[in-house]
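Notes to accompany the following structure.
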Amino acid sequence: QMHMTVNGRTVTLPKGSSIYDAVSKAGAFVPVLCKHPRLPNTPGSCRVCLVEVDKRLKPACCTPAHEGAVINTDTEDVVHTVTGTLALLRSNHPEDCMSCDVNGKCEFQDLINRYLVPKWPKLKDVSDDYIEHTATWSLYDQSSPAIKLDLEKCIKCSRCVTTCEEVQGMNVLGMFNRGRDRHIGFYHESDLELSKCIECGQCVSVCPVGALSEHTSWRQVLSLLQSKRKIMVAQTAPAVRVAIGEEAGLAPGSVTTGQMVAGLKRLGFDYVFDTDFAADLTIMEEGMELLQRLKLAWGLEKSAGTPPPLPMFTSCCPAWVTLVETEYPELIPNLSSCKSPQQMMGATVKAVWCKRNNLQPEDVCMVSIMPCTAKKHEAARPEMGRDGYKDIDHVLTTRELGRMFRFQHIDMASLPKDSYDDPMGTGSGAGVLFGNTGGVMEAAVRTVYEVVTGKELPHLSLEAVRGLKGTKEASLQLQLDGDTTKTVRVAVCSGVVNARKLVEDVRAGTANYDFVEVMSCPGGCIGGGGQPKTKGPDVLQRRMAAVYSIDSNMHLRKSHENPQIKKLYADELGKPNSEEAHHLLHTKYHD
Ligand code: HC1
Ligand code: SF4
């Protein structure tokens with residue numbers, strides 16, 4: 001233990017703590033721009049966390065604390081120096097906060113406001129630097145439908161680079177050049193779209209400013225809502241309901257499903273459906289696809305051609321699908337051919353619901369609210385639609401929905417709860433589990449077990465695949481007809497670093513699984529790149545617990561028991577993996 005004083009108050013901390021830890025323990029404020037709770041290290045590059053330690057100015061985040069240290073955070077010297085550093089950053093920052101997508105949710109703007117940082121004349125036109133020295137990079141990269149980059153807004157904190165390299169193991173983003181010319185950029189190619197970026201958006205979710213952001217489409221959606229030309233249909237992903245409250249000032253893990261639906265209705269959506277319904281549909285399609293592959297592998301059925309390989313990998317995470325297509329194309333046959341729930345919902349609404357209601361698909365605008373940036377790219381894939389219309393017309397992130405609510409002065413948190421519309425507003429507890437890493441697996445097990453054995457699953461919770469651990473595994477005993485029992489080995493991983501490790505093990509033959517769930521974002525969709533940028537050590541844990549609590553409080557907890565799913569098969573699709581189901585709900589991949 002060490003003892004020290006912060007602004008005259010004594011604090012006690014374990015050995016190895018930093019000055020920043022001491023200041024935080026004392027409850028005093030210190031600004032940070034490069035430090036972030038989700039990053040494994042502190043680059044110490046922004047220099048705004050200067051405090052006085054034993055009368056000398058030191059950066060709090062990367063200075064070790066010591067016994068007897070006298071720390072002051074509020075001296076004139078500290079405030080003056082921090083203000084000066086911020087003023088330098090401001091002098092190279094564009095003044096377009098009014099139309100910036102993160103206006104009001106910008107850590108840099110907050111600091112400029114808090115320290116009343118004056119506007120100094122621009123030292124030199126920053127664009128000149130880039131144009132002179134980085135001919136291959138453009139200042140504004142809008143090449144991807146998912147993520148955009150505005151280098152003018154970048155304050156060079158390098159959070160994004162650390163995230164891409166160390167949290168995601170992607171090494172797509174790097175820091176280039178030195179001194180004033182230092183800037184972030186994409187390796188290999190000048191444009192994001194041509195790089196190996198999988199658009200997971202983890203870099204976006206730590207960006208303190210609006211330099212990296214989702215490629216927004218809330219303005220187009222607002223115009224569509226207000227023009228009243230189209231029938232506007234929204235769907236909301238499982239993980240949005242446990243995070244959108246944060247955009248309205250509520251604590252992480254607040255469940256605001258009903259208020260969110262009410263808010264969407266106030267925005268002008270005619271129908272609000274639940275992606276959980278489509279997650280249930282995915283379980284039916286993917287579960288039966290898995291069973292088919294298992295039966296072939298077990299020799300219970302014969303295949304006409306080469307049987308599809310095991311393990312089967314889930315295909316609902318679009319960043320993971322892109323990773324397979326670009327870096328592991330030999331694993332494409334292992335990917336489930338199922339579209340993601342987002343796309344299954346779009347296809348079902350446009351092809352089935354429209355027909356049921358005598359509507360033309362082109363008169364309907366389908367908008368998804370997703371915790372994800374990569375979903376924007378998934379929706380834009382040319383194969384995601386038919387007869388000249390797309391399954392999904394626009395994808396908004398959870399953050400964009402929060403912005404729309406604020407823009408329209410809708411105080412979501414205070415609205416009376418509303419319910420999803422019929423028939424695609426009915427989802428099971430299994431469907432909502434998709435939001436957590438391990439959730440697809442747990443949902444699939446609930447259905448596959450009962451379909452195969454004809455018996456009720458004794459325990460609905462599959463504890464082995466719960467929690468935030470990067471890789472988890474479990475095995476399941478399935479009793480087939482007669483006395484034959486088969487073991488199904490499953491694995492779950494979240495975060496690209498873990499996914500890569502698992503893929504390498506599968507390729508090397510050192511891991512032997514039948515079914516693997518992969519989500520690119522740590523924690524799964526609850527930690528998606530489109531979620532609110534709430535900082536704090538336990539944000540993911542709280543969102544995760546909220547998802548589990550929604551499931552355990554539900555009566556309908558298994559996908560195959562969802563009455564609207566049963567009706568869809570009875571009336572339109574026949575049975576899972578039927579020709580009609582394949583036409584609407586399955587897809588192909590490209591290498
Ligand atoms: Fe997800 Fe999914 S779980 S991918 O994280 O399979 O985005 O929430 O909507 O499509 O259901 C995201 C979440 C989401 C899909 C489902
Ligand atoms: Fe890296 Fe993901 Fe950001 Fe792409 S979206 S640069 S892969 S962190």
Side-chain angles (χ1 to χ4, degrees), residues 141 144 146-149 159-174 184-187 192-193 195-207 212-214 235-244 274-283 286 314-323 326-327 336 338-346 368-379 391-392 395-398 427-428 430-440 443 494-496 517-531 543 547 559:
D141 187 336
S144 149
I147 289 171
K148 62 185 166 100
L149 170 63
R159 279 185 192 170
C160 57
V161 173
T162 314
T163 302
C164 189
E165 278 177 14
E166 294 183 36
V167 178
Q168 291 298 62
M170 284 302 299
N171 290 303
V172 172
L173 271 175
I184 59 163
F186 296 96
Y187 287 110
L192 190 159
E193 190 63 350
S195 75
K196 286 194 170 174
C197 172
I198 55 170
E199 297 161 325
C200 64
Q202 287 299 300
C203 52
V204 174
S205 61
V206 295
C207 180
L212 276 159
S213 66
E214 59 271 72
Q235 66 167 326
T236 67
V240 176
R241 68 205 67 200
V242 296
I244 182 69
D274 192 350
T275 312
D276 294 9
F277 164 89
D280 286 335
L281 188 55
T282 305
I283 288 302
E286 199 167 14
T314 55
S315 56
C316 45
C317 170
W320 157 242
V321 168
T322 306
L323 184 73
T326 50
E327 296 196 37
S336 159
C338 287
K339 286 183 182 174
S340 73
Q342 150 166 288
Q343 298 302 135
M344 286 202 186
M345 175 66 93
S368 309
I369 319 295
M370 294 282 141
C372 174
T373 45
K375 288 276 167 201
K376 289 177 182 263
H377 198 159
E378 179 182 72
D391 290 339
I392 300 294
V395 180
L396 305 177
T397 60
T398 313
S428 74
V432 84
L433 289 184
F434 271 56
N436 284 346
T437 162
V440 179
S494 72
V496 181
E517 175 202 304
V518 184
M519 291 290 179
S520 302
C521 295
C525 295
I526 49 164
Q531 292 282 62
R543 292 180 189 158
V547 165
S559 303

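When a ligand or atom number is given, it counts from 1 through the structure's own listing order. Quick note: numbers below take in every heavy atom, side chains included, and nothing from hydrogens, waters or symmetry partners. In this chain, residues are counted from 1 in sequence order.
Here Leu212 has no heavy atoms under 4.0 Å from ligand 2, in either its backbone or its side chain. For Gln343, no heavy-atom contact with ligand 1 is shorter than 4.0 Å. Looking at Gln342 against ligand 1, both its backbone and its side chain come within 4.0 Å, counting heavy atoms.
Atom 7 (O) of ligand 1 has its nearest heavy-atom neighbour, among Gly529, Pro238, Pro371, in Pro371.
Remark: minimum distance from atom 3 (S) of ligand 1 to any protein heavy atom is reached at Phe434 O, 3.2 Å. Counting protein heavy atoms only, atom 2 (Fe) of ligand 2 is closest to Cys200 SG, 2.3 Å. For atom 12 (C) of ligand 1, the closest non-hydrogen atom on the protein side is Cys525 SG, 3.1 Å. Among protein heavy atoms, the minimum distance from atom 5 (S) of ligand 2 is reached at Gly201 N, 3.2 Å.
Of all the atoms in ligand 1, the ones that sit under 4.0 Å from a non-hydrogen atom of Cys372 are 7 (O). Close contacts between ligand 1 and Met370 involve ligand atoms 7 (O), 9 (O) [criterion: under 4.0 Å to a heavy atom]. When each atom of ligand 1 is checked for a heavy atom of Pro341 under 4.0 Å away, the hits are 6 (O), 10 (O), 11 (O), 15 (C), 16 (C). Set against the non-hydrogen atoms of Cys316, the atoms of ligand 1 under 4.0 Å away are 4 (S), 6 (O). In the vicinity of Ala279, heavy-atom distances shorter than 4.0 Å reach the ligand 1 atoms 11 (O). Atom numbering of ligand 1 starts at 1 in the shown order; those under 4.0 Å from a heavy atom of Ala237 are 8 (O), 9 (O), 13 (C), 14 (C).
Of the polar atoms of Glu378, none of the N or O atoms is found under 3.5 Å from an N or O of ligand 1, judged by distance alone. Backbone and side-chain nitrogen or oxygen atoms of Thr275 are examined, and none is located within less than 3.5 angstrom of a nitrogen or oxygen of ligand 1. For ligand 1, the polar-atom distance check finds an N/O of Ala239 within less than 3.5 Å of one of the ligand's N/O atoms.
Between the side chain of Gln531 and the backbone N or O of Cys372 there is no donor-acceptor pair closer than 3.5 Å. In terms of modelled atom types and a separation under 3.5 Å, the side chain of Glu517 and the main chain of Val440 share a donor-acceptor contact. Distance alone, capped at 3.5 Å, is enough to place a donor-acceptor pair between the Asp280 side chain and the Ser428 backbone.
In this structure, Thr163 has no heavy atom closer than 4.0 Å to ligand 2.
For atom 3 (Fe) of ligand 2, the set of nearby N, O or S atoms under 2.8 Å includes one belonging to Cys203.
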Report task. For side chain to side chain donor-acceptor pair (under 3.5 Å), just list the numbers for Ser368 and Gln235, CA-CA rounded to whole Å, side-chain angles, deciding distance to a tenth of an Å, and then say yes or no. Result -> CA-CA 5 Å; Ser368 309; Gln235 66 167 326; 3.0 Å; yes
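Here the closest heavy-atom approach between residue Arg159 and residue Cys207 is recorded as NH1-C, 4.4 Å.
Note that CD of Glu199 and CE of Met170 are 10.0 Å apart. Values are rounded to the nearest 0.5 Å.
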